[in-house]
Each structure stands twice: as C-alpha cells, then as structure tokens.
Amino acid sequence: ALSGNRNWAPMWREPQPKPHYDVIIVGGGGHGLATAYYLAKEFGITNVAVIEKGYLGGGNVGRNTTIIRSNYMLEGNEPFYEMSMKLWEGLEQDFNYNAMVSQRGIVNLFHSDGQRDAYARRGNAMMMHGVKAELLDREQVRQMMPYLNFDHARFPIMGGLLQRRGGTARHDAVAWGYGRGADERGVDLIQQCEVTGIRRDDLGQVTGVETTKGFIGCNKLALATAGHTSVTGKMAGLDLPIETHVLQAFVSEGIKPVIDNVITYGAGHFYISQSDKGGLVFGADIDYYSSYAQRGNLATVEHTIEEGVSLIPGLSRVRVLRAWGGVMDMSMDGSPIIDRTPIDNLYLNCGWCYGGFKATPASGFCFAHLIAKNEPHPVARLLRLDRFERGFAVDEGGKGPQPN
Ligand code: FAD
C-alpha cells in the first residue's frame with residue numbers, strides 16, 4: 001500500500017474467452033466461483049470458464065449481511081448447511097485467504113410459547129444431525145444482550161435458540177478467495193461479458209452461449225445466476241419455479257463494540273450484527289413485489305427500522321450510513337435447487353432465497369460434484385428441480401421466522 005498499490009500484482013488474469021470449454025459457469029457470484037474452484041481442485045476439471053456480466057462479486061455475494069449458520073431443521077437442508085459450516089471452518093486454510101470467518105454465535109429470539117416449542121424442535125432436529133444447539137431462557141438472553149428491549153416490548157422476549165458455531169464471514173473476501181483459487185488452477189474468469197442466449201443443437205443439447213464477447217462453446221453449461229435465474233433459464237426454454245424479489249440491507253455509522261453475536265428477532269424479520277469496522281449491519285424482509293432492480297422501496301426501510309428500534313431501543317440514536325438491495329432467487333418452498341435439468345448437459349444452481357451466502361461452500365462443492373459426476377452429492381440429493389411436481393417440497397426458511 002505504501003507504493004500507492006503500484007506494485008501489487010492482480011489477483012487473477014483477465015483472459016480473452018477461448019472458443020470452447022469443457023464447462024462454462026454463468027455467474028461470477030459466490031456460487032459460480034466456488035463451483036469453479038471445487039471443479040478444479042476436487043475433480044481435476046480445469047478447462048472451465050466463469051462468465052460474469054459485471055465484475056466478480058458485484059451481485060449478491062457482495063451485497064449480503066454475511067451471516068453463516070447451520071440451524072436448519074429438515075432432512076433436505078440440515079446436513080447440507082452443516083456441510084457448508086464445516087467447509088467454512090476450514091475455508092481460509094483451504095484457499096489461503098483471510099475471509100474473516102467469525103464464529104460469534106447466532107441467537108434466534110422467540111416471543112411466544114408456540115415459537116419456543118418450534119425453536120426447541122428445530123434445536124432437537126439439529127442435535128439429531130450432530131449439530132449443537134442451546135435453548136436459552138429469558139434471563140440467559142438478558143445476560144448476553146442486556147441492551148435488548150425487555151421492559152416495554154409489544155412482543156416480550158421469552159428466550160432464544162443459540163448456535164455458537166454460527167456467525168459471519170467477510171463476503172467480498174469469499175468471492176475473491178474462491179476466484180483467485182480457481183484462476184490459479186487454470187479457470188478463466190471472464191468479466192464484463194453478458195450471456196445473452198443459449199445455443200442448442202437439433203437434439204436439444206446445449207452447444208454453448210451467445211455473449212457480448214461472441215459465441216463460446218462448451219460441453220456442459222452450469223447456471224449460477226441467483227436473482228437472474230428466471231432470465232437465464234428462459235434462454236434455454238425453461239420455466240423455473242423461481243421468483244425474483246429485492247432484499248435490502250443497512251449499515252450504521254461505526255460505533256464501539258456492542259453486539260458481539262448475530263441476533264434475529266422472532267416477532268418480525270429483523271436481524272442484526274456488528275461488523276469489525278463497528279457498523280451495525282441489519283436487514284429485514286424482502287420487498288413484496290417481483291423486481292430485478294437492485295434497490296428497494298421506502299416502506300420496507302421504514303418497516304425495518306421500526307422493527308429494529310422495537311427490539312433495540314438504543315438503535316434510534318444511531319445514524320444509518322448506507323442502504324442497498326440485492327435481487328433474490330426465491331424458490332417456492334424456501335429451499336435451493338442443485339440439479340440437472342430436462343436438458344442433458346445443462347445444470348442448475350438456484351433458489352437461494354435470502355440465505356444463500358452461508359451455503360456458498362457446500363453449494364459450490366455439491367454443484368461441482370454434480371457437474372463432474374452427473375449425479376447429486378448425497379447431502380444435496382433432496383434439492384431437486386422436480387420436487388414441486390412430485391410433492392416432495394423441502395418447505396423451510398422461505399417464509400419462516402428466520403431470514404438469512
Ligand atoms: P450473485 O453474487 O448474485 O451471483 C450471480 C451472478 O450472476 C451475478 O454476479 C450476476 O451479475 C451474474 N449474472 C446474472 N445474469 C447473467 C448473465 N446473463 N450473464 C452473465 N452473468 C450473469 N445469505 C446468507 O446466507 N446470509 C446473509 O446474511 C444474507 N444476507 C443477505 C442480505 C442481502 C441484502 C441480500 C441481497 C442477500 C443476502 N443473502 C444472505 C443471500 C445471498 O447473498 C445470496 O443467496 C447468494 O449470494 C446468491 O448466490 P451468488 O453469490 O452466487 O449470487
């Protein structure tokens with residue numbers, strides 16, 4: 001830095017696209033980059049391109065509130081998210097990059113008897129999968145977080161479900177670490193290149209993609225375009241069970257350390273943590289209309305702040321520094337899809353709703369496994385595209401009490 005960054009080597013190459021690749025991944029977000037990294041590292045497939053219409057990490061991977069956890073309940077989700085948690089725990093050593101993984105604990109507050117029972121059930125389900133969970137009573141929560149509203153709350157805090165291994169990770173660094181690791185192994189990361197069409201032969205097989213840098217051929221095509229999944233799916237004639245909605249987030253001015261874990265409000269969708277720079281990072285619910293715009297409306301801003309202040313009265317004295325939005329690929333049951341499609345050599349990774357950041361490592365690993373072996377990884381075996389037709393929805397998280 002003392003050289004004014006003049007002598008810094010770029011983290012990855014800026015290659016021109018080759019005419020043909022074994023695998024093309026559309027989308028240079030967390031999931032696309034992680035998939036490329038694991039394809040190269042775990043499965044030895046390096047003739048790969050990641051094609052990104054903007055810059056690496058400019059999508060949701062750089063817009064999220066950085067929460068990681070594995071406190072899911074259902075069979076289709078819990079082992080998958082726990083695999084992700086274990087990968088997070090070794091990620092920085094694995095890709096040799098500081099992603100500031102911080103296992104500061106996550107507490108999901110509950111405010112009624114029914115909600116306590118639901119959280120106890122969730123905790124029990126976690127423990128049946130070998131994942132530790134603790135049910136806190138009101139006094140235990142008060143000791144950990146005395147600044148919460150215990151006295152005049154419309155929805156009094158009755159306790160919380162704690163996963164100590166949950167926490168946060170620096171989102172951009174995750175994209176950069178995976179990107180650099182993939183590039184080092186020979187993957188071409190092609191930025192500022194939008195995929196505008198998917199070319200198929202007479203038998204319906206994908207032969208490559210039309211892009212703003214021309215046609216690029218491939219043997220296998222993998223879509224990891226998050227909020228634009230319905231758009232890229234349509235290019236291959238697929239009508240997918242995905243709706244895109246905006247999710248907003250906020251960061252306050254930097255203040256002294258006050259919140260040393262992640263908290264979710266059970267009587268609303270509000271959640272909050274404090275970044276290492278001191279800013280309070282918080283968010284709430286999606287904006288309830290479909291949109292590809294990466295910004296939301298003021299009604300949601302007001303709603304978020306009201307929820308925050310009702311949970312933490314002192315928040316009313318803090319100034320918001322920035323607010324932004326990202327576009328979420330909402331699936332109909334709240335769970336993701338990592339699967340092949342009716343087109344033999346087209347693979348799909350989507351449906352992350354507002355919780356896909358924490359899934360990044362396992363998603364990349366399982367998607368790479370699927371692409372390399374043509375069969376699902378065991379922990380992702382229920383995350384199938386046709387589950388809605390078959391009546392095997394993995395109904396969790398989409399509208400439940402826990403965002404992110
Ligand atoms: P993205 O980073 O969006 O990657 C998709 C990429 O595809 C984009 O870069 C886009 O430009 C590219 N693309 C799209 N179309 C094309 C095309 N035609 N050609 C080429 N490239 C294309 N999750 C958590 O687990 N914890 C959280 O705390 C959390 N908080 C969130 C808060 C907010 C405000 C938001 C917006 C999201 C949050 N999420 C959270 C969700 C999480 O960020 C997403 O689920 C996840 O990042 C999606 O996967 P991705 O990283 O691959 O997406």
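As the structure lists them, so they are numbered: ligands from 1, and atoms in each ligand from 1.
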Under 4.0 Å to a heavy atom of [X] - the qualifying atoms of ligand 1, by number:
X      : answer
Gly326 : 36 (C)
Trp352 : 45 (O)
Gln248 : 34 (C)
Thr232 : 18 (N)
Gly27  : 6 (C), 7 (O), 12 (C)
Gly30  : 50 (P), 51 (O), 52 (O)
Ala249 : 34 (C)

Around Tyr292, counting heavy atoms of other residues, nucleotides and ligands shown, do more than 12 lie under 6.0 Å from its OH? yes

Step through the shown structure and confirm whether more than 12 heavy atoms of other residues, nucleotides or ligands are within 6.0 Å of CG on Asp201. yes

Looking only at heavy atoms, is any part of [X] under 4.0 Å from ligand 1, and if so is it the side chain, the backbone, or both, or is it neither?
X      : result
Lys358 : both
Ile51  : backbone
Val26  : side chain

For ligand 1 and [X], I'd like to know whether there is a polar contact (N/O to N/O, distance under 3.5 Å).
X      : value
His31  : yes
Val61  : yes
Asn60  : yes
Gly32  : no
Gly28  : no
Val195 : yes

Looking at every heavy atom in both Val174 and Phe95, which two are closest together, and how far apart are they? O-CE2, 3.9 Å

If you take all heavy atoms of Ala36 and Val50, which pair is closest and at what distance? CB-CG2, 3.6 Å

For [X] and [Y], which I'm curious about, is there any donor-acceptor pair between the side chains at under 3.5 Å?
X      : Y      : result
His31  : Ser363 : yes
Tyr347 : Asp339 : no
Asn219 : Asn345 : no
Gln274 : Asp260 : no

Is ligand 1 less than 4.0 angstrom away from at least one heavy atom of [X]?
X      : value
Gly355 : yes
Cys353 : yes
Gly283 : no

Report yes or no: is the cationic atom of Arg199 (NZ for Lys, CZ for Arg) closer than 6.0 Å to the six-membered ring centre of Phe215, at no more than 45° off its axis? yes

Passing candidate, side-chain hydrogen bond (donor to acceptor under 3.5 Å, both in side chains) with Tyr178, options Tyr37, Tyr38, Tyr97: Tyr38

If you take the nearest heavy atom of each of [options], which one is closest to [atom]?
atom                    : options                : value
atom 48 (C) of ligand 1 : Ala284, Gly62, Ala226  : Ala226
atom 39 (N) of ligand 1 : Trp324, Phe357, Tyr354 : Tyr354
atom 5 (C) of ligand 1  : Gly59, Pro336, Ala224  : Ala224
atom 36 (C) of ligand 1 : Lys53, Met328, Glu194  : Met328

Close aromatic pair by centroid cut-off 6.0 Å: Phe282 and Phe270: yes

With sequence neighbours excluded, tell me which residues meet side chain to side chain contact (heavy atoms under 4.5 Å, CB included) with Lys373. Phe43, His369, Glu375

For the ring-ring contact (aromatic ring centres under 6.0 Å, His included) test, which of Trp88, Trp352, Tyr81 pairs with Phe357? Trp88

Just to verify, what does Arg6 make a salt bridge (charged side-chain N to carboxylate O under 4.0 Å, His left out) with, not counting sequence neighbours? none

